[in-house]
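Structure record follows, encoded as structure tokens.
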Amino acid sequence: MFADLHLHTSFSDGTYTPEELAARGKSLGLAAMALTDHDTVEGCARMAAACAAAGIEFLTGTELTAEFNGNEVHVLAYGIDLGNPRFLSEVARFQAVRRDRIQEMVARLNTLGIPLEANAVFAIANCRSPGRPHVARALVQAGLCASLEEAFERFLKVNRPAWVPKCKMSALEAIQLIQQAGGVAVVAHPGLNRTDLIIGQLVEAGLDGIECFHSKHTAPTVQHYLEIADRYRLVVTGGSDCHGLSKGKPLVGSVKLPYHYFEKLKEHVAARRARSLLRKPAAQAQNGVAHAI
Ligand code: AMP
Ligand code: ZN
Ligand code: FE
Ligand code: FE
């Protein structure tokens with residue numbers, strides 16, 4: 001039995017709907033899935049229903065963009081209370097920043113003589129959490145770039161002319177925000193960011209887990225982070241980070257997290273939610289784990 005706990009849908013920059021993703025999960029025989037759209041939990045209700053219908057366990061989630069010492073750090077939030085007011089208002093703020101950032105990226109493209117309109121990007125994104133992949137798709141659709149890769153290479157990658165930094169919260173604040181919402185905080189794809197030097201400080205701030213298994217981690221990288229997880233007693237997670245097709249194939253299920261890691265994560269979520277429920281009135285508690293617990 002396997003899980004894929006890092007997935008994006010059309011509620012952020014993925015191309016599958018929650019229903020399409022759950023259907024893929026079912027045909028691959030996945031036992032559990034979690035949704036980790038960027039800076040939103042909007043797709044979780046539909047994904048929970050689709051997974052329940054497909055007989056797949058589901059855990060709510062999101063992937064927050066944070067920073068630490070000037071480096072981008074992605075923090076996965078699992079099992080959060082979908083009705084937590086502070087969490088929802090912070091995420092809404094992140095989404096507003098994302099929309100302003102699209103306007104700024106388009107303005108920079110216009111300055112470079114590229115006649116893209118912000119509305120074309122928003123129409124393609126069709127969600128509250130637009131990002132650079134939507135700008136890239138709009139550039140391709142308008143015939144202004146031949147491919148998504150070209151759009152990133154010429155304009156959108158870090159330090160390219162249309163790249164705009166995101167206003168980010170510190171990873172320490174992100175951990176706190178997730179935990180007060182009854183969630184478990186996991187550092188995403190540490191092999192892709194310069195995370196090793198800061199992991200001790202994140203652990204001190206209460207970090208719960210580390211994403212050892214990821215589609216862009218090599219086998220030695222996985223081993224390295226499993227050792228780090230062991231050293232700091234962190235929960236181990238993993239997922240494909242599927243955004244749809246990758247090199248013509250769906251990425252979902254390409255990382256198969258052994259089910260016993262998912263069980264440990266569920267135990268952590270249950271313990272965190274029990275603690276956070278003690279701290280607030282029952283009326284505020286909502287379904288964080290729609291199907292799994
Ligand atoms: P954003 O959150 O707007 O900064 O966009 C980040 C997303 O863009 C990532 O999650 C990837 O899906 C995608 N991305 C980042 N770099 C590249 C790249 N070089 N080529 C294609 N997609 C990329
Ligand atoms: Zn993405
Ligand atoms: Fe990420
Ligand atoms: Fe991701």
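The model shown is predicted, which means the values in this text are computed figures rather than measured ones. Atoms within a ligand are numbered from 1 in the order they appear, just like the ligands themselves.
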*Which word best sums up how the rings of His189 and His74 line up, parallel for under 30°, tilted for 30 to 60°, or perpendicular for over 60°?*
perpendicular
*Considering only NZ, NE, NH1 and NH2 on the basic side and carboxylate oxygens on the acidic side, decide whether Arg93 and Glu90 come within less than 4.0 Å.*
yes
*asked:* At less than 2.8 Å, how many protein N/O/S atoms surround the Fe ion (ligand 3)? Leave waters out.
replied: 3
*Can you list the other members of the hydrophobic cluster that holds Val158, where links are side-chain heavy atoms under 4.5 angstrom apart?*
Trp163
*asked:* My understanding is that only one of Thr237, Val73, Val75 makes a side-chain contact (heavy atoms from CB on, under 4.5 Å) with Val187; could you say which?
replied: Val73
*Would you call Arg98 and Asp39 a salt bridge, using N to O less than 4.0 angstrom?*
yes
*Give a yes or no answer on whether the side chain of Asn193 reaches the backbone of Glu72 with a donor-acceptor pair at less than 3.5 Å.*
yes
*Tell me, yes or no, whether the heavy-atom count around Lys166 atom NZ, taken from other residues, nucleotides or ligands under 6.0 Å, exceeds 12.*
yes
*Using salt bridge (Lys or Arg N to Asp or Glu O under 4.0 Å) as the criterion, list what pairs up with Glu104, not counting sequence neighbours.*
Arg108
_Below 2.8 Å, which protein N, O or S atoms neighbour the Zn ion (ligand 2), ignoring water?_
Asp13 OD1, Asp13 OD2, His38 NE2, His243 NE2
*What atom name does the N, O or S atom of His8 nearest to the Fe ion (ligand 4) carry?*
NE2
*Okay, side chain of Arg132, backbone of Phe152: is any donor-acceptor separation there less than 3.5 Å?*
no
*Residue among Asp37, Asp13, Thr40 satisfying side-chain contact (heavy atoms from CB on, under 4.5 Å) with Ser129*: Thr40
